[in-house]
Number of protein chains: 2
Amino acid sequence: MSTQDAVKKAGLKATLPRMLILEVLAKTIDSEVHLSAEDIYKDLLTSGDDVGLATVYRVLSQFESAGIVTRHNFEEGHSVYEMTQDHHHDHMVCVDTGKTIEFHDPEIEKKQDDIAASHGYEIVDRSSVIFVKKTD
Amino acid sequence: MSTQDAVKKAGLKATLPRMLILEVLAKTIDSEVHLSAEDIYKDLLTSGDDVGLATVYRVLSQFESAGIVTRHNFEEGHSVYEMTQDHHHDHMVCVDTGKTIEFHDPEIEKKQDDIAASHGYEIVDRSSVIFVKKTD
DNA sequence: CTCCGTGCAAAAAATTTGCAACTCA
DNA sequence: TGAGTTGCAAATTTTTTGCACGGAG
């Protein structure tokens with residue numbers, strides 16, 4: 001499914017600002033870098049694309065509702081976003097360098113499912129962040 | 001160790017505002033409720049204790065550095081705090097009711113340790129939040 | 001023409017900071 | 001006493017909202 005289709009499927013018009021924002025996010029898909037609204041805004045300005053910051057926030061919010069992007073609140077005073085990927089993954093954040101590493105472990109998820117079930121719940125979303133530092 | 005000692009050990013004076021803030025947090029230790037700076041501020045005002053909101057923020061920040069309290073960024077636009085407990089635990093947040101359930105699983109932590117180690121890292125902190133809803 | 005979307009500016013919400021007054025050790 | 005603390009107000013930072021204009025069908 002193209003990004004245009006994904007946007008239309010969400011009941012949103014495939015407008016230029018929206019496509020531009022998706023492009024910026026798409027660039028970081030493999031780099032494990034997560035962008036804030038401000039980051040995306042600046043990136044667009046630098047590229048000569050005049051998109052308002054309010055629009056970036058509005059679009060990200062719409063995309064999040066549509067499941068096109070995922071929002072994270074790691075720890076700073078702002079949210080960061082990434083394009084939603086097929087496979088769920090957790091994050092390892094280096095407290096010294098800020099580097100992010102994504103990982104996935106079926107066993108951990110299975111355990112979490114079991115624990116939720118034992119309390120009468122089912123999981124709708126997960127957010128596991130491990131703060132790490134290089135082993136000396 | 002008394003709360004006074006904990007504060008002094010952190011190199012902070014055991015002042016009235018600090019003790020009051022700790023008391024408010026202590027009340028919620030068993031309820032699995034997490035308070036925001038604003039919550040604590042209002043609680044104190046209601047009790048007739050005039051502590052400035054800025055002081056609440058400053059003190060919470062100092063307590064967090066000292067390891068006396070733990071800050072969480074579940075998902076809203078603000079942080080919530082709880083007194084640091086001996087045993088690490090993760091959180092299950094009900095998306096419908098906002099209820100929080102704490103749980104702990106050694107196997108999950110072991111797996112996380114292994115994964116971090118395999119990347120050359122060691123874990124300094126964890127934050128796993130599972131968003132759930134009641135099974136139908 | 002109508003609706004949806006956008007930019008801009010103002011508003012909110014959350015948190016931090018400067019500074020004079022105050023307090024605990 | 002005097003370094004550490006506090007309250008208040010002002011400043012920041014992040015995000016949301018109101019509104020008039022603009023573009024696609």
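Order of the sequence lines fixes the chain letters, A, B, ..., with proteins taken first and strands second; residue numbering starts at 1 for each chain. What you are looking at is a predicted structure, and each value in this text was computed from that prediction instead of being measured.
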Of C:dT6, C:dT15, D:dT6, the nucleotide closest to the side chain of B:Pro17 is D:dT6
Would you call the rings of B:Phe74 and B:His72 parallel, tilted or perpendicular, where under 30° means parallel and over 60° means perpendicular?
parallel
When you measure from the side-chain N and O atoms of B:Ser79 to the phosphate of C:dT15, is any distance below 4.0 Å, counting only OP1 and OP2?
yes
Regarding B:Thr55, tell me which of base, sugar-phosphate or nothing describes its non-hydrogen contacts under 4.0 Å with the strands shown.
base
Pair of N/O donor and acceptor under 3.5 Å linking D:dG4 base with B:Arg58 side chain
no
Modelled atom types, side-chain donor and acceptor of A:Glu32 and A:His89, under 3.5 Å
no
Would you mind checking if A:Lys133 and A:Asp96 are paired as a salt bridge, meaning a charged N to carboxylate O distance below 4.0 Å?
no
Stretch residues 32-51 of chain B: residues that reach within less than 4.0 Å of DNA chain D through a heavy atom:
B:Asp50, B:Val51
Taking all non-hydrogen atoms of both residues into account, name the closest pair between A:Ile115 and B:Met92 and its distance.
CG2-CE, 3.8 Å
If you find the nucleotide of DNA chain C closest to B:Tyr57 and the one closest to A:Thr15, which residue's nucleotide is nearer the 5' end?
A:Thr15
Scan side-chain atoms only and decide if B:His88 and B:Asp86 contain a donor-acceptor pair under the 3.5 Å cut-off.
no
Which nucleotide in the list D:dT15, D:dG7, C:dT17 gets nearest to the side chain of B:Ala54?
C:dT17
Between P of C:dT23 and CG of B:Leu16, the distance in whole Å:
10 Å
Roughly what angle, to 10°, lies between the helix axis at the start of the helix from C:dC1-D:dG25 to C:dA25-D:dT1 and the one at its end, five pairs per end?
20°
Expressed as a whole number of angstroms, how long is the span from A:Ile21:CD1 to C:dG7:P?
8 Å
Please report the shortest heavy-atom distance between B:Tyr121 and A:Lys134, naming the atom on each side.
CD2-N, 3.5 Å
Value in whole Å for how far the C1' atom of D:dT15 lies from NE2 of A:His72
19 Å
Separation of atom CZ in A:Arg18 from atom P in D:dG23, rounded to whole Å:
16 Å
Value in whole Å for how far the P atom of D:dG25 lies from NZ of A:Lys8:
9 Å
Using whole Å, report how far CG of B:Leu20 lies from P of C:dC24.
12 Å
Measure the distance from CZ on B:Arg71 to C1' on C:dT15 and round it to the nearest whole Å.
9 Å
If you look at every heavy atom in A:Ala37 and A:Val56, which pair is closest and at what distance?
O-CG1, 3.6 Å
Using a 4.0 Å heavy-atom cut-off, does A:Leu53 contact any base of the nucleic acid, only the sugar-phosphate backbone, or nothing at all?
base
Between A:Ser36 and A:Asp39, is any side-chain donor less than 3.5 angstrom from a side-chain acceptor?
yes
Nearest heavy-atom pair of A:Ser79 and A:Arg71: which atoms, and what distance?
OG-CD, 3.3 Å
Would you indicate which nucleotide in C:dG5, D:dT16, D:dT5 comes nearest to any side-chain atom of B:Lys13?
D:dT5
Side-chain (A:Arg18) to main-chain (A:Lys13) donor-acceptor, under 3.5 angstrom:
yes
Whole-Å gap separating P (C:dA14) and OH (B:Tyr81):
12 Å
